[in-house]
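Written below as structure tokens is the structure these notes are about.
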Amino acid sequence: MADLRTLARKLKCSLLHRGTLPLAILILVFFCYRFMSPSSQTLEDLGAEPRMVYLQPKVLSPIRKDVLVVTPWLAPIVWEGTFNIDILNEQFRLQNTTIGLTVFAIKKYVVFLKLFLETAEQHFMVGHQVTYYVFTDRPADVPQVPLGAGRRLVVLTVHSHTRWQDVSMHRMDTISRFSEQRFLREVDYLVCADVDMKFRDHVGVEILASLFGTLHPGFFQNSREDFTYERRPQSQAYIAWGEGDFYYMGAFFGGSVAEVLRLTKACHEAMVADKANGIEAVWHDESHLNKYLLYHKPTKVLSPEYLWDQQLLGWPAVMKKLRFVAVPKNHEAIRNP
């Protein structure tokens, strides 16, 4: 630093004789800022991580006071206003996180695939590495949708089934088998979604956890007595009256690949046992999903923002955003051959 001051004095004297004092002042300002500024040394010269600047969380000033934001087992319930996506994006990028999105486009349901993929490219895990796993019995009908950098589509051919209920129930078996065979090696997290939906707003890494489920939009305000759990004790999906936390919808769930494997394998085995006993759960794989999540609590719960039907339910004030929404359709026409 002494050498720097000596250089500055010599420069000043030399420039005074030439009438260029303003230039000298500019040079001195540059040297002082560049070499004497602690912040520049901290962030650039010392090679530290970039600073993260955001509003400080206020312990006594919660952003959402109108909804439950944490479960009794301390799992967060994700609503708009409960997370900072910039912080989360940075954390997951540091881990080089990869996400798989499974979707079943069986029979006529393949018609929903184009809109599903196009809107996913706009809103799903933007900026992260994503693999779309499309299960279909009509691989030739899978549309060509332009994908962003770090995103790819894998078409996996599967057999169809006569009844739509069987198509739905066999999802659990298919996801569990492919999780074991390849997903464990290819991605970190797996998100399992219905195809007759579209992404309407941001759905990002805020949903990721070891195991997550999504609140059913038709029951999130109801008491457990109103839930359409399987109530027959003969079924493996049976949940007794007086039990239950929430009613989860089977159209959007996921977690780490290992946890999704455990969930789907358990649900499939329960459905196999039910079939052997001549019984089928009232809401098929969704009934078994609810039984599993009752005894294996999800580590994160998604609000109905992540699964909504605006045509049926409108847009209540509590829903600040509608992120993943149903596409209007004729269920009978699309389900029948």
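Everything numeric in this text was worked out from a predicted model, so none of it was measured.
For the residue pair Thr157 and Pro139, the shortest heavy atom distance occurs at OG1-CG, 3.8 Å. Across all their heavy atoms, Val67 and Arg64 have their closest contact at CG1-NH2, 3.8 Å. Listed here is the closest heavy atom pair of Gly213 and Pro298: N-CB, 4.1 Å. Between Arg151 and Gly127, the closest heavy-atom pair is NH1-N, 4.4 Å. Nearest approach of Pro328 to Gln311, heavy atoms of both residues: CB-OE1, 3.7 Å. Leu261 approaches Ser176 most closely through the heavy-atom pair CD1-O, 3.2 Å.
Remark: side-chain polar atoms of Thr299 are paired, donor with acceptor, to backbone N or O of Leu211 under 3.5 angstrom. The main-chain N or O of Ser210 is never found under 3.5 Å from a side-chain atom of Glu259 such that the two would form a donor-acceptor pair. One N or O on the side chain of Lys300 and one on the backbone of Glu206 form a donor-acceptor pair closer than 3.5 Å. Between the side chain of Asp137 and the backbone N or O of Lys107, at least one donor-acceptor pair lies under 3.5 Å. Side chain of Thr119 to backbone of Leu115: a donor-acceptor contact under 3.5 angstrom is found.
Under the 30°/60° scheme for interplanar angles, the aromatic rings of Phe124 and Phe199 are found to be tilted. Taking the six-membered ring where tryptophan is involved, the planes of Tyr306 and Phe252 are essentially parallel, since the angle between them stays under 30° and well short of 60°. The aromatic rings of Tyr109 and Phe112 are tilted relative to each other, their planes meeting at an angle between 30° and 60°.
Within a 6.0 Å radius of CD in Gln144, no more than 12 heavy atoms belonging to other residues, nucleotides or ligands are found. The environment of Lys265 atom NZ is sparse: at most 12 non-hydrogen atoms of other residues, nucleotides or ligands sit within 6.0 angstrom. Counting non-hydrogen atoms of neighbouring residues, nucleotides and ligands closer than 6.0 angstrom, the NZ atom of Lys198 reaches no more than 12 such neighbours. When the shell of 6.0 Å around NZ of Lys114 is examined, it contains 12 or fewer heavy atoms from other residues, nucleotides or ligands. Within a 6.0 Å sphere centred on CD1 of Ile63, heavy atoms belonging to other residues, nucleotides or ligands number 12 at most.
By the 4.5 Å heavy-atom criterion applied to side chains, His128 and Arg93 are counted as neighbours. At least one side-chain heavy atom of Gln236 sits under 4.5 Å from a side-chain heavy atom of His288. Side-chain contact between Val260 and Cys192: present, with at least one pair of heavy atoms (C-beta onward) separated by less than 4.5 Å. Counting only heavy atoms from C-beta outward, the side chains of Trp79 and Val318 approach each other to under 4.5 Å. Side-chain contact between Leu190 and Ile175 is present, with at least one heavy-atom pair separated by less than 4.5 Å. The shortest distance between side-chain heavy atoms of Phe183 and Thr102 falls below 4.5 Å. Within the 4.5 Å cutoff, the side chain of Leu263 has heavy atoms near those of the Phe253 side chain. Side-chain contact between Asp245 and Leu294 is present, with heavy atoms from C-beta onward closer than 4.5 Å.
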With salt bridge (charged side-chain N to carboxylate O under 4.0 Å, His left out) as the criterion, how do Glu305 and Arg323 come out once you've worked through the C-alpha distance, each side chain's angles and the decisive distance to 0.1 Å?
CA-CA 6 Å; Glu305 293 175 1; Arg323 304 176 186 275; 2.9 Å; yes
Please report the C-alpha distance between Arg182 and Arg185 in whole Å, then the side-chain angles of each, then the deciding distance to 0.1 Å, and finally whether the side chain to side chain contact (heavy atoms under 4.5 Å, CB included) criterion is met.
CA-CA 5 Å; Arg182 61 182 296 174; Arg185 301 190 306 272; 3.9 Å; yes
Decide yes or no on side chain to side chain contact (heavy atoms under 4.5 Å, CB included) for Leu153 and Val142, but give the supporting numbers first.
CA-CA 10 Å; Leu153 186 147; Val142 174; 4.3 Å; yes
Using side chain to side chain contact (heavy atoms under 4.5 Å, CB included), reason through Val205 and Ile85 one step at a time and then give a plain yes or no.
CA-CA 8 Å; Val205 294; Ile85 192 57; 4.0 Å; yes
Step by step, would you call Val301 with Thr71 a side chain to side chain contact (heavy atoms under 4.5 Å, CB included)?
CA-CA 8 Å; Val301 175; Thr71 69; 4.0 Å; yes
With side chain to side chain donor-acceptor pair (under 3.5 Å) as the test, would you mind laying out the steps for Tyr133 and Glu186 before giving the verdict?
CA-CA 11 Å; Tyr133 294 111; Glu186 296 181 358; 2.6 Å; yes
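The residues Glu230 and Lys291 are annotated as not salt-bridged, no charged nitrogen and carboxylate oxygen being separated by less than 4.0 angstrom.
The cluster map of Ile, Leu, Val, Met, Phe, Trp and Tyr, joined by side-chain heavy atoms under 4.5 Å apart, puts Val70 and Leu302 in different clusters. Val272 and Val282 sit in two unconnected hydrophobic clusters of ILVMFWY residues. Membership requires side-chain heavy atoms under 4.5 Å apart, directly or through other members. Note: the hydrophobic cluster containing Tyr238 does not contain Phe246 (ILVMFWY, side chain heavy atoms under 4.5 Å, direct or indirect links). Under the 4.5 Å side-chain heavy-atom criterion for ILVMFWY residues, no single connected hydrophobic cluster contains both Trp241 and Leu293. Cluster membership for Tyr189 and Val126, using ILVMFWY side-chain heavy atoms within less than 4.5 angstrom, is not shared.
Paired with Gln129 under the rule side-chain hydrogen bond (donor to acceptor under 3.5 Å, both in side chains), one option of Thr97, Asn96, Asp188, Thr98 passes, and it is Asn96. When each of His268, Arg171, His170 is tested with Asp285 by the rule side-chain hydrogen bond (donor to acceptor under 3.5 Å, both in side chains), just one qualifies, namely Arg171.
Note that CG of Leu113 is 9.5 Å distant from CD of Glu118, once rounded to the nearest 0.5 Å. Taken from CD1 in Ile239 to CZ in Arg224, the straight-line distance is 10.5 Å, to the nearest 0.5 Å. Taking CE of Met249 as the reference point, atom CG of Asn290 lies at 11.0 Å (rounded to 0.5 Å). Here the OG-CZ distance, from Ser179 to Arg262, works out to 11.5 Å after rounding to the nearest 0.5 Å. The CG atom of Leu215 lies 7.0 Å from the OH atom of Tyr248; values are rounded to the nearest 0.5 Å. In this structure, Asn84 CG and Gln91 CD are separated by 10.5 Å, a value rounded to the nearest 0.5 Å.
Scored by the ring-ring contact (aromatic ring centres under 6.0 Å, His included) test, Phe92 finds no partners at all (sequence neighbours excluded).
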